[in-house]
Every structure is written in C-alpha cells, then in structure tokens.
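Once you've had a glance at the structure underneath, I'll fire off some questions.
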Amino acid sequence: MKALLIAEYRQGKLLDTTYELQAFAGLLGAESAMVLVGSPADLPKFSGKLYLADVAKYGEYNPDLHKKVVLEAVAKENPDYIVFVHSSYGWDLAPRVAAALRVGQVSEVVGLPDGKFEVTCCNAKLRRTVAPKSARTVITIQAGAFSPQGEPQGAPQVEVIDVADPAGKTEFVGYEAAEQKDVDLTRAEIIVSAGRGVGKKENVQVIAQLAKALGGELGASRPVVDAGWAPHSHQVGTTGQTVSPKLYVACGISGAIQHLAGMKKADFVVAINKDKDAPIGEIADVLIVADVMQFVPAMTARCAR
Ligand code: FAD
C-alpha cells in the first residue's frame with residue numbers, strides 16, 4: 001500500500017502538519033512518498049522520496065499549478081492514497097485532485113478504526129466510519145488528530161518536479177492577516193477559555209475575571225463564539241487561533257479534536273469539567289471535576305487575595 005503525502009509550505013515556512021501526515025501514513029501501514037511546493041532550503045525530515053517544486057516558481061498557492069504538480073507525482077508513484085491536511089490549502093486542492101483523477105474523497109479523517117476511516121459529522125458531534133469504494137482515494141486528515149511520535153528523522157531523496165506549462169488561470173496575490181481586534185492570543189502566556197459548559201453569556205464574564213486575576217487572556221471554544229458570547233478573535237481551535245501559552249485553563253470544554261488542535265502545544269493544561277470522563281482529561285495535566293460556575297469564582301477570589 002502506498003500513500004502520497006502532500007506537505008504544505010506557508011508564509012515562507014514548512015508547516016509542522018507535514019509530520020502529522022507522516023504519522024497518519026505510519027498508522028495506515030503505508031509506504032509513503034511526499035510532495036512539497038516549497039523551498040529547497042527548508043526540506044522536511046523524511047525518509048523517502050520527496051517530489052519538490054520550487055515555491056519561487058509555483059507560488060505558495062495556485063490551484064492550477066499545484067494540482068499539476070500533485071498529478072505529476074501521482075503519475076510517478078501510482079499511490080493508493082493521496083493525503084492532504086484539512087487546512088485551507090488541503091480543502092481547496094484535494095477535491096480538484098480527486099476530480100481530475102475521477103476518484104473518491106474522504107474528508108476530515110480523525111481516526112483509523114479497523115483499517116476504515118473515521119470522520120466527524122453533524123458539526124463534530126457524531127463520528128461515522130467510511131470505507132471508500134474507489135481503488136485510489138484522496139484523503140484529508142483533521143489537523144491535530146494524528147500526532148507524530150517522537151522527533152521527526154531522516155533526509156528525503158529529492159526529485160525536482162517541473163510541470164511543462166507553469167502559466168495558470170489563477171494568480172496567488174498574497175495573504176491578508178485577520179484583523180486583530182482586542183486580543184492576540186498567540187502571544188498570551190496564560191489563557192483561560194470558556195466552553196459551552198459555562199451555560200450562558202453572562203457566565204463568560206466569570207471566566208474572563210479568572211483570566212484577568214491570573215494575568216492572562218480570555219479564550220473560547222467555537223460554540224461560545226457561535227452563540228455570540230465572545231468575539232471570534234478569542235476562539236481557539238482549527239477555525240480560530242492556534243495558541244501555545246505556558247498555562248491553558250479549559251472551563252467547561254469537552255476537548256473536541258478541533259479545539260485540541262488549537263491548544264495542544266500549551267505547556268500545562270488545567271481542565272475544569274463536571275464530567276470525569278470528558279475527553280479533555282486525556283490531554284490535561286490536571287482535571288478538576290467540578291461545576292465550573294462554583295469552582296471558577298472561588299479560584300478567582302483566591303487569586304485576588
Ligand atoms: P461541548 O462539546 O458541548 O462541551 C461542553 C463541556 O462542558 C462538556 O464536557 C460538559 O461535560 C462540560 N460541562 C457542562 N456543564 C458544566 C458545568 N456546569 N461545569 C463544568 N463542566 C460542564 N471548536 C472549537 O472549540 N474551536 C474551533 O476552532 C473549532 N473548529 C471547528 C471546525 C469544524 C470544521 C468543525 C466541524 C467543528 C469545529 N469546532 C471547533 C467544534 C468542535 O467540534 C466542538 O463542537 C467544540 O469544540 C465543542 O465546544 P465545547 O467543548 O465548548 O462544547
């Protein structure tokens with residue numbers, strides 16, 4: 001079984017999710033090759049064939065050109081699986097590749113039970129298991145779902161890819177940073193986040209008070225933001241901010257993969273949850289089993305002393 005892993009290069013840097021693709025291929029038991037439109041000066045640690053197209057020529061993103069590069073590598077490798085990360089890059093490029101190859105696609109894979117693909121559905125409230133029918137399948141994996149084991153190793157065997165006609169119908173203009181409104185969570189050393197478990201909008205202020213007492217910032221899970229209880233600039237997760245504070249306090253947050261993907265690099269995680277089996281407990285350094293609206297005000301009062 002062979003997997004072709006599509007690595008990603010963004011804003012002058014190879015992304016760490018490259019190693020999540022490798023972890024996924026390892027769990028799949030697939031021999032892997034990799035494709036990167038990136039810089040020859042910034043190659044991934046990888047023991048295998050790397051098809052490299054120079055970013056200076058192909059740009060960091062261009063759907064026509066990048067599709068051609070991937071299809072060229074597919075022709076050379078004849079893989080069973082073509083695997084992208086479910087990022088803005090992957091979710092745009094993967095279906096173009098699947099359509100060009102006329103093969104099926106399985107999106108947002110979070111697990112591999114019994115050799116099948118587990119994907120989330122109903123806004124990640126449910127999971128279902130999928131077995132593709134086509135011999136070859138395009139896959140996107142959820143960032144954060146497949147953690148690399150240990151330090152990445154190896155030096156790739158590089159083969160430069162140069163598709164004949166680099167002129168495409170679209171042009172990559174550049175990135176536009178999201179407007180920074182009231183907070184830059186990416187720089188915060190302490191983040192105290194409110195989840196749906198806080199119950200109502202007014203209670204988010206109780207969490208904000210603890211954040212303030214600890215000298216940190218308020219974070220939030222997506223349901224809290226979707227409900228209008230906190231601005232989007234406070235959202236942590238795949239569709240929010242990726243943070244790496246020294247301390248992350250998760251208040252009434254279950255620990256969905258999409259949330260964990262945004263905060264799993266925190267040095268120390270404290271979770272407050274009334275459910276002792278909440279998935280956040282699997283990654284938390286300390287799980288406090290308590291009602292968040294009883295525990296947090298008491299802790300804030302202690303901090304203020
Ligand atoms: P829930 O999952 O409802 O968990 C609430 C928790 O609070 C439970 O564990 C419960 O036991 C606990 N609780 C309830 N009452 C109390 C109480 N009184 N005291 C203590 N604990 C209590 N989510 C994000 O957070 N960020 C993202 O960027 C993000 N992006 C997504 C992107 C996509 C494409 C999709 C499909 C989903 C995304 N999600 C994201 C949503 C994600 O899948 C989860 O639905 C979400 O993270 C759940 O938020 P939550 O933990 O606050 O709520």
Side-chain angles (χ1 to χ4, degrees), residues 17 84-92 94-95 105-111 118-128 130 140-145 178 183 185-186 191-208 210-211 217-245 248-266 269-284 286-300:
T17 47
F84 296 80
V85 174
H86 197 79
S87 58
S88 49
Y89 182 81
W91 74 50
D92 192 81
Q105 176 172 331
V106 181
S107 301
E108 276 198 271
V109 173
V110 295
E118 188 177 34
V119 299
T120 58
C121 56
C122 299
N123 210 12
K125 279 284 169 208
L126 296 175
R127 290 187 179 191
R128 62 198 158 92
V130 179
T140 70
I141 61 166
Q142 176 69 62
V183 67
L185 288 185
T186 59
I191 297 175
V192 184
S193 281
R196 188 169 7 217
V198 302
K200 55 182 177 180
K201 185 172 185 176
E202 298 73 62
N203 290 348
V204 174
Q205 281 318 306
V206 177
I207 309 301
L210 176 60
E217 299 285 0
L218 174 73
S221 68
R222 180 162 153 175
V224 167
V225 171
D226 286 350
W229 299 352
H232 183 261
S233 51
H234 291 258
Q235 185 178 316
V236 174
T238 44
T239 45
Q241 303 286 317
T242 300
V243 299
S244 48
Y248 189 86
V249 186
C251 305
I253 291 178
S254 59
I257 283 169
Q258 292 87 353
H259 190 82
L260 301 186
M263 47 65 74
K264 65 178 184 175
K265 287 193 183 147
V269 177
V270 176
I272 304 158
N273 201 300
K274 68 176 184 185
D275 176 6
K276 69 174 176 41
D277 297 319
I280 190 95
E282 287 167 27
I283 64 123
V286 176
L287 172 66
I288 297 161
V289 181
D291 184 316
V292 72
M293 295 319 297
Q294 282 180 354
F295 187 86
V296 168
M299 191 167 158
T300 308

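What you are looking at is a predicted structure, and each value in this text was computed from that prediction instead of being measured. Note: hydrogens, waters and symmetry copies are ignored here, and every other heavy atom, side chains too, is used. Counting starts at 1 for both ligands and their atoms, in listed order.
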Rounded distance (nearest 0.5 Å) linking atom OG1 of Thr140 with atom CD of Gln105: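 One gets 6.0 Å once the value is rounded to the nearest 0.5 Å.
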Does ligand 1 have a heavy atom under 4.0 Å from the side chain of Ser254, from its backbone, from both, or from neither?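 It is both backbone and side chain that touch ligand 1.
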What part of Ala261 sits under 4.0 Å from ligand 1 if we count only heavy atoms: the side chain, the backbone, both or neither? neither
Check the pair Leu218 / Leu185 against side-chain contact (heavy atoms from CB on, under 4.5 Å), numbers first and verdict last. CA-CA 8 Å; Leu218 174 73; Leu185 288 185; over 6 Å; no
Just going by heavy-atom distances, which of Arg196, Glu108, Arg222 is nearest to atom 40 (C) of ligand 1? Arg222
Hey, does Gly252 come in under 3.5 Å of ligand 1, counting only N/O atoms on both sides?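 Right, the criterion is met.
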Rounded to the nearest 0.5 Å, what separates atom CD1 in Ile257 from atom CD in Glu108?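 That separation rounds to 9.5 Å.
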Go through the steps for Ile207 and Val292 under the test side-chain contact (heavy atoms from CB on, under 4.5 Å), then give the verdict. CA-CA 9 Å; Ile207 309 301; Val292 72; 4.2 Å; yes
So, taking the atom named CD1 in Ile141 and the one named OG in Ser107, what distance separates them when rounded to the nearest 0.5 Å?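 OG of Ser107 is found 12.0 Å from CD1 of Ile141.
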State if Val236 counts as touching ligand 1 under the rule of any non-hydrogen atom under 4.0 Å. yes
Considering Gln258, Gln294, His259, Met293, which one's heavy-atom position lies nearest to atom 43 (O) of ligand 1? Gln258
Could you list which atoms of ligand 1 come closer than 4.0 Å to a heavy atom of Gly237?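 Those of ligand 1 that fall under 4.0 Å from Gly237 are 26 (N), 27 (C), 28 (O).
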Can you name the residues that form a side chain to side chain contact (heavy atoms under 4.5 Å, CB included) with Thr238, not counting sequence neighbours? Gln142, Gln258, Ala261
Quick one: which ligand 1 atoms are inside 4.0 Å of a heavy atom on Thr239? 27 (C), 28 (O), 29 (C), 30 (N), 31 (C), 32 (C)
Do the side chain of His234 and the main chain of Glu217 share a donor and acceptor less than 3.5 angstrom apart?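 The answer is no, because no donor-acceptor pair under 3.5 Å joins these two groups.
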May I ask you to list the atoms of ligand 1 that are less than 4.0 angstrom from any heavy atom of Asp291?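 Listed by number with element, the hits are 18 (N), 19 (N).
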Criterion side-chain contact (heavy atoms from CB on, under 4.5 Å) on Val236 and His259, from CA distance to verdict: CA-CA 6 Å; Val236 174; His259 190 82; 3.8 Å; yes
Which of the ligand 1 atoms, numbered from 1, are nearer than 4.0 Å to a heavy atom of Gly195: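 In order of number, 52 (O).
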Ala256 contact mode with ligand 1 (heavy-atom cut-off under 4.0 Å):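 It is the side chain that gets close, since no backbone atom is under 4.0 Å.
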Looking only at heavy atoms of Ala290, does any of them come nearer than 4.0 Å to an atom of ligand 1?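 Ala290: in contact with ligand 1 (<4.0 Å).
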Do any heavy atoms of Gly240 fall under 4.0 Å from ligand 1?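 Yes.
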Keeping the roles fixed (side chain from Asn273, backbone from Ile253), state whether a donor-acceptor pair exists under 3.5 Å.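 Yes.
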By number and element, which atoms of ligand 1 are closer than 4.0 Å to a non-hydrogen atom of Asp275? 11 (O)
For ligand 1, does Gln235 get within less than 4.0 Å through its side chain, its backbone, both, or neither, judged by non-hydrogen atoms?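 Under 4.0 Å from ligand 1, Gln235 contributes side-chain atoms alone.
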Where at least one partner belongs to residues 196-206, residue pairs that pass side chain to side chain donor-acceptor pair (under 3.5 Å), sequence neighbours excluded: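 Side chain to side chain donor-acceptor pair (under 3.5 Å) check on residues 196-206 returns no pairs.
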